[in-house]
Amino acid sequence: MGRVRVAVVGAGVVGLSTALCIAECIPHCSVTVLADKFSPDTGSDGAAGFVYVNKFPDTPVDRQKRWLKDTFDHLFSISNSSEAPDAGVYLISGWQVFRDPPSEKRPYWSDVVLGFRFMSDAELEKFPKHKFGQAFTSLKCECPLYLPWLEKRFKNANGQVQRGRVTDFGQLCGNYDIIVNCTGLGSLSLAGDTDLHPVRGQILKVQAPWLKHFIRDGDGLTYIFPGISSVTLGGTRQKDDCRLTADPKDRSDMFERCCALEPSLKKSQVLTEWVGLRPTRGGLRLEKEMFQHGSRQVPIIHNYGHGGGGISLHWGTALEATQLVKECIGNRYLASNL
Amino acid sequence: MRVAVIGAGVIGLSSALCIHDRYRSSVTPLIIEVYADQYTPLTTSDGAAGLWQPYLYDKGNVQETKWNKETFDYLLTYINAPDSIKMGIFTQSGYNLFTEPTPDPSWRDSVLGFRHLTPQELDMFPGYSYGWFNTALMIEGKSYLPWLMDRLRERGVIFCHRKIESFRELVDSGVDVIVNCTGIRAGELQPDQDLKPGRGQILKVEAPWLKHFIITHDLKTGVYTTPYIIPGSNLVTIGGIFQLGNWSQESNSQDHQKVWESCSKLVPSLKHARIVDDWAGLRPVRSKVRLERETLQYGAAKSEVIHNYGHGGFGLTIHWGCAQEAANLFGKVVEEKRQKATPRL
């Protein structure tokens with residue numbers, strides 16, 4: 001049996017990690033990443049990179065938890081190694097605060113992160129408008145560093161990279177045996193997925209090197225994530241809003257909300273702002289589909305719809321997608337031997 | 001009343017501020033002069049990393065635990081204030097690591113969110129089997145001291161760049177109260193067998209991905225003898241040197257190597273950090289802080305001295321509690337003078 005040719009479409013955090021996983025875990029595979037956008041121009045690049053995720057309503061919790069845990073463990077071991085600064089991966093502690101106590105005080109991910117506990121009254125005094133809070137340690141993964149780091153590892157595993165836009169899966173069927181679709185919002189046209197929709201997020205990056213903790217409001221709209229060279233302030237969640245240019249009203253509103261949580265931000269210097277569209281779906285699509293191309297049937301492994309949880313879930317979904325690719329190859333081998 | 005504060009480190013400046021704050025309305029005129037040959041950024045307080053954390057156990061010095069807590073509570077009130085960054089105050093969380101189970105420290109209830117480390121957290125630190133996590137405060141001398149000086153200047157406190165050679169020169173000049181905040185050099189004004197240098201050497205490195213302090217402990221070799229990593233507002237301080245009796249204020253390459261190797265072993269990502277600075281300072285070590293009054297008389301000239309020195313490696317940590325106590329002692333001096341002046345009926 002010859003080499004299995006795998007095409008991974010998309011070079012954001014999901015595409016590159018999935019391609020890397022396949023290249024490293026499956027022998028006899030030649031993997032090519034095809035994308036029109038690479039770091040620093042992907043949707044992953046502007047994200048703060050904080051490992052945390054809300055629930056997907058249509059995906060079973062234990063499956064989400066497994067993806068999160070796999071990703072957390074993977075990033076955790078990088079954070080403890082000398083690769084950490086190159087990969088842009090490090091630990092961060094902080095607080096998630098709620099104006100009113102949430103119905104679920106101990107979320108499903110509370111034993112995935114480190115040191116999860118409820119905030120004490122003394123700690124809540126720093127947030128006079130909030131009555132309840134959770135303190136924990138999680139990870140940060142900065143894609144402008146992480147994506148090039150993944151790409152380097154991928155090329156060391158004999159991975160190939162090709163720049164260019166894929167407008168139809170049919171384009172690839174002549175040259176590839178298996179297609180892996182990590183195109184995020186690209187699947188609106190590529191996969192004709194009507195369940196998928198953008199949720200607009202605008203963020204601000206400021207200079208505030210004295211900030212060492214993350215602060216996230218439980219409503220998910222206001223957050224402060226200190227990074228390596230700037231602090232990310234956010235944000236917005238605007239359903240079906242495709243505007244890629246920054247809105248000055250959104251900017252001043254989020255700055256005000258962040259300053260209310262962390263007054264010292266008033267002294268920070270604004271650096272840049274960014275807008276990203278979260279590829280949102282009721283359930284993350286991670287499954288095999290057989291694509292009919294003429295007389296052939298080519299398997300497509302879909303791995304998209306991560307919403308705002310791309311970085312938080314990437315390695316877990318990459319592992320599962322790799323497993324699906326393995327199964328395809330297994331079936332092929334069986335089929336070719338019948 | 002004329003008050004001379006000797007020393008412009010965190011102890012001298014905060015004592016001056018506290019005394020002025022509490023007595024400017026009741027003692028008129030209240031003239032405060034600060035005398036020092038070293039001002040910020042050249043004091044010992046400037047070189048310190050600036051983490052609020054006392055030694056682990058107070059060994060019965062409950063006063064010191066009280067002063068430490070008072071300082072923490074006082075600094076915490078500024079955390080959301082507009083001046084917080086100018087003062088060099090911000091919160092930071094981190095890890096204290098041990099090779100064996102260790103009783104909780106005397107400051108457990110002073111800090112925020114104190115808890116023990118989970119097994120998963122300990123996995124990050126091979127060789128350490130026990131530890132604590134808590135949120136503490138940072139108070140950076142390089143920002144805090146200039147802020148204190150601004151506050152003092154606003155209040156008309158006078159600064160003199162001069163080394164005081166003896167208490168006598170101040171007593172002779174008619175100073176009513178001397179506040180002795182001379183730190184490691186207190187012995188030059190009055191011999192003190194108990195005061196010794198605890199030499200430390202630190203490196204400042206660029207490692208902005210580090211967001212926690214990490215302090216290791218070896219209860220046998222003592223405080224600051226094992227690696228510690230303390231991120232600041234700009235650079236990260238790494239250290240782990242404590243040499244009792246060593247008066248050298250020069251960095252040496254042996255200590256540099258020791259700090260660099262031991263800290264890189266503790267946190268492998270440091271291998272990529274650029275070393276920006278290397279500094280050695282002398283912690284004014286004493287069995288306990290000398291915070292007490294003494295009357296000095298030379299012929300007809302008499303002054304009250306309030307000693308406030310010997311804060312070891314916890315000067316920033318304890319400064320405000322001690323400043324308040326120094327102000328209390330000052331208040332007693334004021335009261336005594338008043339009683340003497342009041343004619344008895």
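Below, chains carry the letters A, B, ... as their sequence lines are ordered, and counting in each starts from 1. Treat the numbers as computed from the prediction; the structure is a model and nothing was measured.
Counting heavy atoms from C-beta outward, B:Ser93 and A:His213 have side chains that approach closer than 4.5 Å. Side-chain contact between A:Trp210 and B:Ile89: absent, with no pair of heavy atoms (C-beta onward) separated by less than 4.5 Å. Using a 4.5 Å heavy-atom cutoff, the side chains of B:Pro208 and A:Ile228 are in contact.
Minimum interatomic distance between A:Pro209 and B:Ser233 (heavy atoms only, all atoms of both residues): CB-O, 3.0 Å. Minimum interatomic distance between A:Asn80 and B:Pro268 (heavy atoms only, all atoms of both residues): O-CG, 3.3 Å.
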- Item | Evaluation steps, side chain to side chain contact (heavy atoms under 4.5 Å, CB included), between B:Thr135 and A:Trp95 | CA-CA 11 Å; B:Thr135 301; A:Trp95 309 286; 4.1 Å; yes

Start with the C-alpha distance between B:Trp209 and A:Ile92, add both sets of side-chain angles, then the distance that settles side chain to side chain contact (heavy atoms under 4.5 Å, CB included), and finish with yes or no. CA-CA 9 Å; B:Trp209 59 88; A:Ile92 189 167; over 6 Å; no

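Considering only heavy-atom pairs separated by less than 4.5 Å from chain A, the leading option among B:Glu121, B:Lys86, B:Met124, B:Lys271 is B:Met124. Between chain A and the residues B:Ser264, B:Gly232, B:Pro231, the largest count of heavy-atom pairs under 4.5 Å involves B:Gly232. Among the candidates A:Ser120, A:Gly227, A:Ala135, the residue making the largest number of heavy-atom pairs closer than 4.5 Å to chain B is A:Gly227. Highest contact tally toward chain B, considering only A:Gly115, A:Gly88, A:Ala122, is held by A:Gly115 [criterion: heavy-atom pairs under 4.5 Å]. Heavy-atom pairs under 4.5 Å with chain B were tallied for A:Ser81, A:Ala84, A:Pro85, A:Ser264; the largest tally goes to A:Pro85. Across B:Ala273, B:Gly88, B:Gly113, the residue that shares the most heavy-atom pairs under 4.5 angstrom with chain A is B:Gly113. Counting heavy-atom pairs closer than 4.5 Å to chain B, the top residue among A:Ser77, A:Ser79, A:Ser82 is A:Ser82.
Atom CD of B:Gln254 is surrounded by 12 or fewer heavy atoms from other residues, nucleotides or ligands within 6.0 Å. For A:Lys65, the NZ atom counts as densely surrounded, since its 6.0 Å shell holds more than 12 non-hydrogen atoms of other residues, nucleotides or ligands. Annotation: A:Gln207, atom CD; neighbour count of heavy atoms from other residues, nucleotides and ligands within 6.0 Å is above 12.
In this structure, B:Asn80 contributes its side chain and A:Lys126 its backbone to a donor-acceptor pair below 3.5 Å. For the pair B:Lys211 (side chain) and A:Leu211 (backbone), a donor-acceptor distance under 3.5 Å is absent.
Note that the CG atom of A:Asp121 and the CG atom of B:Leu112 stand 11.5 Å from one another [nearest 0.5 Å]. The CD atom of A:Glu125 lies 11.0 Å from the OG1 atom of B:Thr77; values are rounded to the nearest 0.5 Å. Within the model, atoms CD of B:Gln120 and CG of A:Asp111 stand 9.0 Å from one another, a figure rounded to the nearest 0.5 Å.
A:Ser93 and B:His212 are linked by a side-chain donor-acceptor pair at a separation below 3.5 angstrom, with hydrogens and angles left out of the test.
Contact of B:Ser84 with chain A is made through the side chain alone, with heavy-atom distances under 4.5 Å.
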